[in-house]
Novice: 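Sharing a structure here in structure tokens format.
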There are 2 protein chains.
Amino acid sequence: MSRQLTAKGHSTRARIIEGAAAVLRELGVAVVTLEDIMARTRTSKSQLFHYFPAGKDELLLAVAQFEADRVLDDQQPHLGRLDSWAAWQRWRDAVIERYEKQGDQCPLGALFFQVGRSTPGARAIVVELLRRWQESLAEGIRALQAAGRLPAEVNVEQRSAALLAAVQGGVIILQTTGEIHHLRAALDQALADLRGGAEQRVRG
Amino acid sequence: MSRQLTAKGHSTRARIIEGAAAVLRELGVAVVTLEDIMARTRTSKSQLFHYFPAGKDELLLAVAQFEADRVLDDQQPHLGRLDSWAAWQRWRDAVIERYEKQGDQCPLGALFFQVGRSTPGARAIVVELLRRWQESLAEGIRALQAAGRLPAEVNVEQRSAALLAAVQGGVIILQTTGEIHHLRAALDQALADLRGGAEQRVRG
DNA sequence: CATAGTCTGGACTGACCGGTCCATTCCAGG
DNA sequence: CCTGGAATGGACCGGTCAGTCCAGACTATG
């Protein structure tokens with residue numbers, strides 16, 4: 001990281017990250033070169049190394065963080081307010097829509113596979129993202145419990161972990177096959193089971 | 001593909017694929033070079049191009065097919081005989097064990113990201129793998145129905161799709177975080193829900 | 001307006017790596 | 001045992017690309 005950045009510097013740095021993210025989504029991390037990023041962001045090589053002294057890896061890591069932040073942001077405000085079945089449904093719709101739009105581009109997953117194994121930082125970004133994601137889901141389940149819509153015996157930890165896995169699995173299948181069907185099935189089934197289990201308990 | 005392969009030729013070709021698969025699992029597809037594969041398999045560059053005339057991509061594709069075949073094989077015989085709850089549990093154990101052993105190496109996923117977007121063949125391999133995988137799960141659910149352990153109204157298609165997504169999600173989380181917890185939670189929850197829904201129906 | 005530090009341009013380099021080529025050895029069939 | 005095709009070894013090539021370097025422009029601050 002550079003020591004001193006002027007306002008102009010900050011905006012250039014941000015422009016590089018956003019442009020790099022865009023070109024990464026289009027071309028894929030395996031193919032992308034610094035030249036591609038330079039062309040897209042209208043910067044020179046010396047600028048790239050000025051703002052990311054450690055080179056390509058540091059830049060890719062910054063892009064990974066940028067993309068990771070977007071993942072949860074794109075699910076708001078629904079993800080942060082899962083206190084009714086209707087809210088869960090809205091969240092489900094938001095997830096479907098977001099990934100339907102994104103299609104088979106996997107900015108974060110691809111980034112992870114590229115930088116991942118080598119750089120510990122990349123793994124940390126993804127781990128933190130998943131942790132916060134699951135925590136939001138767990139919070140939502142607890143909110144349902146608090147509202148009396150789910151029995152207290154529901155295993156929040158296992159439910160939220162399974163829910164997160166369902167989403168991840170649906171997404172990865174979308175990205176490999178191009179079909180959103182599995183994501184939809186996984187989400188609908190998981191929510192139906194969550195609700196079904198509740199009704200079963202409530203009635204019994 | 002070469003025209004004529006002697007017995008020796010076949011064994012060398014197989015040796016290359018297996019060695020390449022091993023070194024790919026260790027180093028990751030983004031880093032691996034032909035030199036690495038040559039060193040591991042004790043072959044020369046001319047051999048690589050003799051057996052895979054189209055070069056690195058063709059070799060990686062062959063490795064992808066090799067790995068894809070292993071995925072389902074490793075779940076047998078359980079995956080092919082899901083006709084009782086005990087059988088499903090044995091399958092679940094086999095999956096957990098297989099991926100626990102594999103850890104955070106993702107031979108197939110990584111391969112897909114490398115060759116995937118560019119080569120249509122790679123996507124076809126993964127699509128076919130997922131299709132057969134889900135079909136086996138659907139078959140298992142139908143077997144439970146036939147045995148009277150699940151009501152006929154169970155949506156086989158959605159259940160099997162969600163089940164596949166659960167496994168995939170658990171695996172991808174294992175590979176990014178190194179923790180097998182989510183895979184376990186996803187499988188256990190999915191099976192519990194499948195069974196729970198059944199009991200609910202049977203009792204009601 | 002002086003100047004020091006930031007910002008930008010772009011030529012250059014050096015290493016790496018996929019792929020080619022030719023020479024040599026091996027081996028199966030006649 | 002001859003011979004043609006398969007199998008192998010390894011030198012060499014050419015392109016690519018991350019990273020370096022220096023020169024010059026811009027700008028904030030005193």
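None of the values given here were measured: they were computed from a predicted structure.
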Novice: Write down the distance between NZ (B:Lys56) and C1' (D:dT16), rounded to a whole number of angstrom.
Specialist: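 That distance rounds to 14 Å.
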Novice: Could you please name the option among C:dT8, D:dT8, C:dG19 that lies closest to any side-chain atom of B:His50?
Specialist: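 The closest nucleotide is D:dT8.
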Novice: For A:Ala190, which residues count as a side-chain contact (heavy atoms from CB on, under 4.5 Å) partner, sequence neighbours excluded?
Specialist: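 For A:Ala190 the side-chain contact (heavy atoms from CB on, under 4.5 Å) partners, ignoring immediate neighbours, are A:Leu163.
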Novice: Report the residues that fulfil side-chain contact (heavy atoms from CB on, under 4.5 Å) with A:Asp69, sequence neighbours left out, ordered by chain and then residue number.
Specialist: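 Expected list: A:Gln65.
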Novice: If the condition is side-chain contact (heavy atoms from CB on, under 4.5 Å), which residues does A:Asn155 pass it with, not counting sequence neighbours?
Specialist: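 By the side-chain contact (heavy atoms from CB on, under 4.5 Å) rule, A:Asn155 matches A:Glu157, A:Gln158.
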Novice: For A:Glu58 and D:dG19, what is the distance between atoms CD and P respectively, to the nearest whole Å?
Specialist: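 About 11 Å, once rounded to whole Å.
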Novice: Step by step, work out the side-chain hydrogen bond (donor to acceptor under 3.5 Å, both in side chains) result for B:His182 and A:Gln168.
Specialist: CA-CA 11 Å; B:His182 285 78; A:Gln168 297 307 309; over 6 Å; no
Novice: Using salt bridge (charged side-chain N to carboxylate O under 4.0 Å, His left out) as the criterion, list what pairs up with A:Lys8, not counting sequence neighbours.
Specialist: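 None.
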Novice: With sequence neighbours excluded, tell me which residues meet side-chain contact (heavy atoms from CB on, under 4.5 Å) with B:Arg42.
Specialist: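 Expected list: none.
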Novice: Using a cut-off of strictly less than 4.0 Å, decide whether A:Gln47 has a side-chain nitrogen or oxygen near OP1 or OP2 of C:dC7.
Specialist: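 False: A:Gln47 side-chain N/O out of range (4.0 Å or more) of C:dC7 OP1/OP2.
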Novice: I'd like to compare against my own output: the B/S/- annotation of nucleotides 22-30 of chain D with a strict under-4.0 Å heavy-atom distance to protein.
Specialist: ----SS---
Novice: Tell me the bend of the helix from C:dC1-D:dG30 to C:dG30-D:dC1 as the angle between end helix axes, each from five pairs, rounded to the nearest 10 degrees.
Specialist: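 Terminal axis comparison yields 20°.
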Novice: Are there any protein N/O atoms within less than 3.5 Å of an N/O atom in nucleotides 12-14 of chain C, and if so, which ones and at what distance?
Specialist:
none

Novice: What is the distance from CE of B:Met38 to P of D:dT8, rounded to the nearest Å?
Specialist: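 Interatomic distance, CE of B:Met38 to P of D:dT8: 13 Å.
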Novice: Would you tell me if any nitrogen or oxygen in the side chain of A:Tyr51 comes within less than 4.0 Å of OP1 or OP2 on C:dT6?
Specialist: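 No, because none of the side-chain N or O atoms of A:Tyr51 sits under 4.0 Å from OP1 or OP2 of C:dT6.
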Novice: What donor-acceptor contacts under 3.5 angstrom involve side-chain atoms of residues 76-83 of chain B, with partners at least two apart or in another chain?
Specialist:
unit_1	atom_1	unit_2	atom_2	d
B:Gln76	OE1	B:Gly80	N	3.0

Novice: Any salt bridge between A:Glu135 and A:Arg132, counting N to O under 4.0 Å?
Specialist: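 Between A:Arg132 and A:Glu135 there is no salt bridge, as every charged N stays at least 4.0 Å from the carboxylate O atoms.
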Novice: Atom CG of B:Leu48 to atom P of C:dC21: distance rounded to whole Å?
Specialist: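 Between P of C:dC21 and CG of B:Leu48: 17 Å.
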Novice: Identify, with sequence neighbours excluded, every residue that meets side-chain hydrogen bond (donor to acceptor under 3.5 Å, both in side chains) alongside A:Thr12.
Specialist: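 Here no residue qualifies.
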Novice: Rounded to the nearest angstrom, tell me the gap between atom CZ in B:Phe49 and atom P in D:dG10.
Specialist: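 Roughly 17 Å, once rounded to whole Å.
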Novice: By the salt bridge (charged side-chain N to carboxylate O under 4.0 Å, His left out) test, which pairs, at least two apart or in different chains, include something from residues 175-184 of chain A?
Specialist: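 Those involving residues 175-184 of chain A are A:Glu100-A:Arg184.
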Novice: Whether A:Gln4 contacts C:dG5 is assessed here as follows: a side-chain N or O lying under 4.0 Å from the phosphate OP1 or OP2. Is that the case?
Specialist: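 Answer no for this pair, as no side-chain N or O of A:Gln4 is under 4.0 Å from OP1 or OP2.
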Novice: Nearest to the side chain of B:Ser44 - D:dT8, C:dG18, D:dT20?
Specialist: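 Out of D:dT8, C:dG18, D:dT20, the nucleotide with an atom closest to B:Ser44's side chain is D:dT8.
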Novice: Please, which pairs that meet salt bridge (charged side-chain N to carboxylate O under 4.0 Å, His left out) have at least one residue in residues 86-97 of chain B, sequence neighbours excluded?
Specialist: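 Listed by first then second residue: B:Arg92-B:Asp188, B:Glu97-B:Lys101.
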